[in-house]
Amino acid sequence: MSTYHVPRKGILTKEHLEAFQNSQTHEDIINYIKTLNENVVGVKLGDECTTSPGIEAILNVLSKVEQVAMETPPVNNSGSRFGNPAFKEFYDKVTELSPSLHAQLPNLPSEAIPEVSTYFREAWGNRTRIDYGSGMELNFLCWLMCLQRLRVVQENDATALVTRVFWRYIEVMRVLQSSYWLEPAGSHGVWGLDDYHFLPFLFGSAQLRGHKYIRPKSIHDADVVEEYSKFYMYLACIKFISSIKTASLRWHSPMLDDISGVKTWDKVNSGMIKMYLAEVLGKLPVVQHFLFGSILPYPGELPSPPESAEQDVHWGHAHALPDRGEADSGWGDCCGIPVPSAFAAAIAEGKAVGPGAPLQGPAIRPVPFD
């Protein structure tokens with residue numbers, strides 16, 4: 001009989017990071033991403049694909065989370081451009097509801113729910129800081145990995161896990177980001193792709209591999225983006241960015257602008273995987289928040305937390321030190337200098353809709369580059 005336990009942090013130092021990078025868990029995450037990636041090459045959002053009862057059950061869980069958000073409106077926080085305090089209420093509601101939601105998933109052992117649901121809870125953002133970044137997105141990926149290992153979903157569900165489940169998660173996250181003005185985790189967002197996400201660009205570039213007409217440079221063609229964003233994650237993310245920020249991509253998203261100069265989607269896709277390994281799984285500010293349990297184990301004995309750890313939101317990670325270089329600390333800080341949400345900044349500017357088509361959501365407006 002398997003022994004499950006609630007996951008907790010274990011990467012506190014550069015040495016812990018190196019141990020993680022050489023571990024089976026790290027290799028399993030990489031292989032899982034690559035498997036999902038290969039299963040969506042040339043596949044459009046909305047294409048028919050194999051779906052097990054587990055996929056439908058997961059989609060129902062995600063819809064319940066969205067419903068909680070709709071029933072928990074943001075409070076009047078007009079004096080601040082930072083995260084809305086109502087997110088904490090949303091987070092608590094999802095935490096309370098989580099055991100019953102997981103009980104509806106087929107084949108999931110009841111004794112595994114406390115472990116698996118931890119990744120689920122931490123996939124929506126940080127309750128204390130009211131922020132979101134690639135570390136939370138990684139938690140959702142880990143949740144899916146756990147569900148597959150516990151046979152909630154099957155190996156032939158790989159395509160549906162990306163085009164249906166993961167994309168539904170992104171849709172729900174856009175609701176949370178626009179409703180609660182979640183701050184980008186870290187001062188630089190998700191290493192320059194957009195303020196929050198990485199994996200939609202990775203999987204989205206796989207979808208476009210081998211496309212006869214759409215090239216990486218096509219992201220600068222507003223008509224192409226508008227027409228095909230409903231089919232391809234990468235273009236949907238470009239549309240999202242353009243809908244809340246004015247000026248051109250080369251100003252507010254220079255990394256995406258640089259990537260558009262690559263000749264083929266194959267090269268973009270392989271580059272995205274390398275970048276994810278280096279800038280997400282390879283950066284201490286991100287992976288020091290990684291949670292280890294019995295399903296995704298730590299390579300060795302987990303460091304023991306102090307008795308006060310539960311009350312200390314900063315336990316389990318180190319803030320940047322003056323003598324620590326960017327190679328160790330990413331962008332030179334841990335939690336990041338608080339950065340207002342692009343949605344909040346847009347509201348403050350009160351500008352008309354810019355070059356991108358507006359998204360549906362609470363008070364979404366374009367934010368100018370300044």
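Along the sequence shown, residues carry numbers from 1.
Residue V165 comes nearest to L62 through the heavy atom pair O-CD1, 3.6 Å, listed as atom of the first residue, atom of the second, then distance. Nearest heavy-atom pair, P114 versus P7, reported as atom, atom and distance to 0.1 Å: O-CD, 4.4 Å. Residues V43 and T159 come closest through the heavy atom pair CG1-CG2, 4.0 Å. When all heavy atoms of A86 and V75 are compared, the pair lying nearest together is CB-N, 3.8 Å. Residues A278 and K283 approach most closely at O-CG, 3.5 Å, considering heavy atoms. Heavy atoms only, all atoms of each residue included: G210 and D266 are closest at N-OD1, 4.1 Å.
Pairs of residues two or more places apart, or lying in two chains, that qualify as salt bridge (Lys or Arg N to Asp or Glu O under 4.0 Å) and include a residue from residues 55-75 are E56-R164, E66-R168. Pairs passing the salt bridge (Lys or Arg N to Asp or Glu O under 4.0 Å) check and including a residue from residues 98-108, sequence neighbours excluded, do not occur. Applying the ring pair (Phe, Tyr, Trp, His ring centres under 6.0 Å) definition to pairs two or more places apart or across chains, none involves residues 45-69. Sorted by first and then second residue, the pairs that involve residues 139-150 and meet salt bridge (Lys or Arg N to Asp or Glu O under 4.0 Å), not counting sequence neighbours, are D28-R149.
The distance from the CD1 atom of I259 to the NZ atom of K267 is 14.5 Å, given to the nearest 0.5 Å. Here CG of L302 is found 10.0 Å from CG of L291. Values are rounded to the nearest 0.5 Å. With rounding to the nearest 0.5 Å, the separation of CG in D257 from CD1 in I219 is 6.5 Å. Atom NE2 in H289 sits 10.5 Å away from atom CD in E122 (nearest 0.5 Å). We find the CZ-OH distance between R174 and Y169 to be 10.5 Å, quoted to the nearest 0.5 Å. In this structure, the separation between CG on L199 and CG on L138 is 8.0 Å, given to the nearest 0.5 Å.
Follow the hydrophobic side-chain contacts under 4.5 Å out from I30 and you never reach V41; the two are in separate clusters. No chain of hydrophobic side-chain contacts below 4.5 Å, direct or via other Ile, Leu, Val, Met, Phe, Trp or Tyr residues, connects V6 to F120.
Between Y234 and W265, the gap from one ring centroid to the other is short of 6.0 Å.
Residues D157 and S52 have side chains that bring a donor and an acceptor to within less than 3.5 angstrom of each other. A donor-acceptor pair shorter than 3.5 Å cannot be found between the side chains of H26 and Q21. In the model, H197 has no side-chain atom that pairs as donor or acceptor with a side-chain atom of S134 under 3.5 Å.
Contact annotation: the side chain of W124 approaches that of V172 to within less than 4.5 Å [non-hydrogen atoms, C-beta and beyond]. Using a 4.5 Å heavy-atom cutoff, the side chains of V162 and M233 are in contact. Using a 4.5 Å heavy-atom cutoff, the side chains of L17 and T13 are not in contact. Between M70 and V175, the closest side-chain pair of non-hydrogen atoms falls below 4.5 Å. In this structure, S260 and H220 have side chains that are in contact, with non-hydrogen atoms separated by less than 4.5 Å. Between H16 and Y298 the shortest side-chain heavy-atom distance falls below 4.5 Å. Q148 places a side-chain heavy atom less than 4.5 Å from the side chain of E155. By the 4.5 Å heavy-atom criterion applied to side chains, T163 and C49 are counted as neighbours.
By the salt bridge (Lys or Arg N to Asp or Glu O under 4.0 Å) test, K217 pairs with no residue at all, sequence neighbours left out. For T95, the side chain to side chain contact (heavy atoms under 4.5 Å, CB included) partners two or more places apart in sequence, or in a different chain, are Y91, R121. Evaluation of the side-chain hydrogen bond (donor to acceptor under 3.5 Å, both in side chains) rule for N269 yields N37, S205, R209 as partners, not counting sequence neighbours. Residues meeting the side chain to side chain contact (heavy atoms under 4.5 Å, CB included) test with A112, sequence neighbours left out: Y4, L108, P109, V116, L150. The salt bridge (Lys or Arg N to Asp or Glu O under 4.0 Å) test applied to D92 returns R127, not counting sequence neighbours. For S218, the side chain to side chain contact (heavy atoms under 4.5 Å, CB included) criterion is met by I214, R215, V224, not counting sequence neighbours. Not counting sequence neighbours, K88 has no partner by the side-chain hydrogen bond (donor to acceptor under 3.5 Å, both in side chains) test. Partners of S294 by side-chain hydrogen bond (donor to acceptor under 3.5 Å, both in side chains), not counting sequence neighbours, listed by chain and number: E115.
At least one donor-acceptor pair under 3.5 Å links the side chain of D47 to the backbone N or O of K44. Side-chain atoms of N126 never come within 3.5 Å of backbone atoms of Y132 as a donor-acceptor pair (strictly under, hydrogens ignored). The backbone N or O of C146 sits nowhere less than 3.5 Å from a side-chain atom of Y119 that would complete a donor-acceptor pair. Side-chain atoms of S100 come within 3.5 Å of backbone N or O of L97 as a donor-acceptor pair. When atom types are taken as modelled, the side chain of N39 and the backbone of A158 share no donor-acceptor pair closer than 3.5 angstrom.
Ring geometry for Y232 versus Y228: interplanar angle of 30 to 60°, hence tilted. Under the 30°/60° scheme for interplanar angles, the aromatic rings of W143 and F140 are found to be tilted.
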Exercise. Can you list the steps and then say if H211 with L208 is a side-chain contact (heavy atoms from CB on, under 4.5 Å)?
Worked result: CA-CA 5 Å; H211 198 284; L208 287 161; 4.2 Å; yes

Exercise. Do L45 and Q207 pass the side-chain contact (heavy atoms from CB on, under 4.5 Å) test, and can you show the C-alpha distance, the side-chain angles, and the key distance before you say yes or no?
Worked result: CA-CA 9 Å; L45 296 174; Q207 289 181 283; 3.8 Å; yes

For this session: Step by step, work out the side-chain contact (heavy atoms from CB on, under 4.5 Å) result for K9 and F290.
Result: CA-CA 6 Å; K9 298 173 186 176; F290 190 88; over 6 Å; no

Problem set entry | side-chain contact (heavy atoms from CB on, under 4.5 Å) between F292 and I11, worked out | CA-CA 9 Å; F292 297 94; I11 300 176; 3.8 Å; yes

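Checked for salt-bridge contact, K93 and E89 meet the test: a charged N lies under 4.0 Å from a carboxylate O. The pair K239-E226 counts as a salt bridge, with a side-chain nitrogen and a carboxylate oxygen less than 4.0 angstrom apart.
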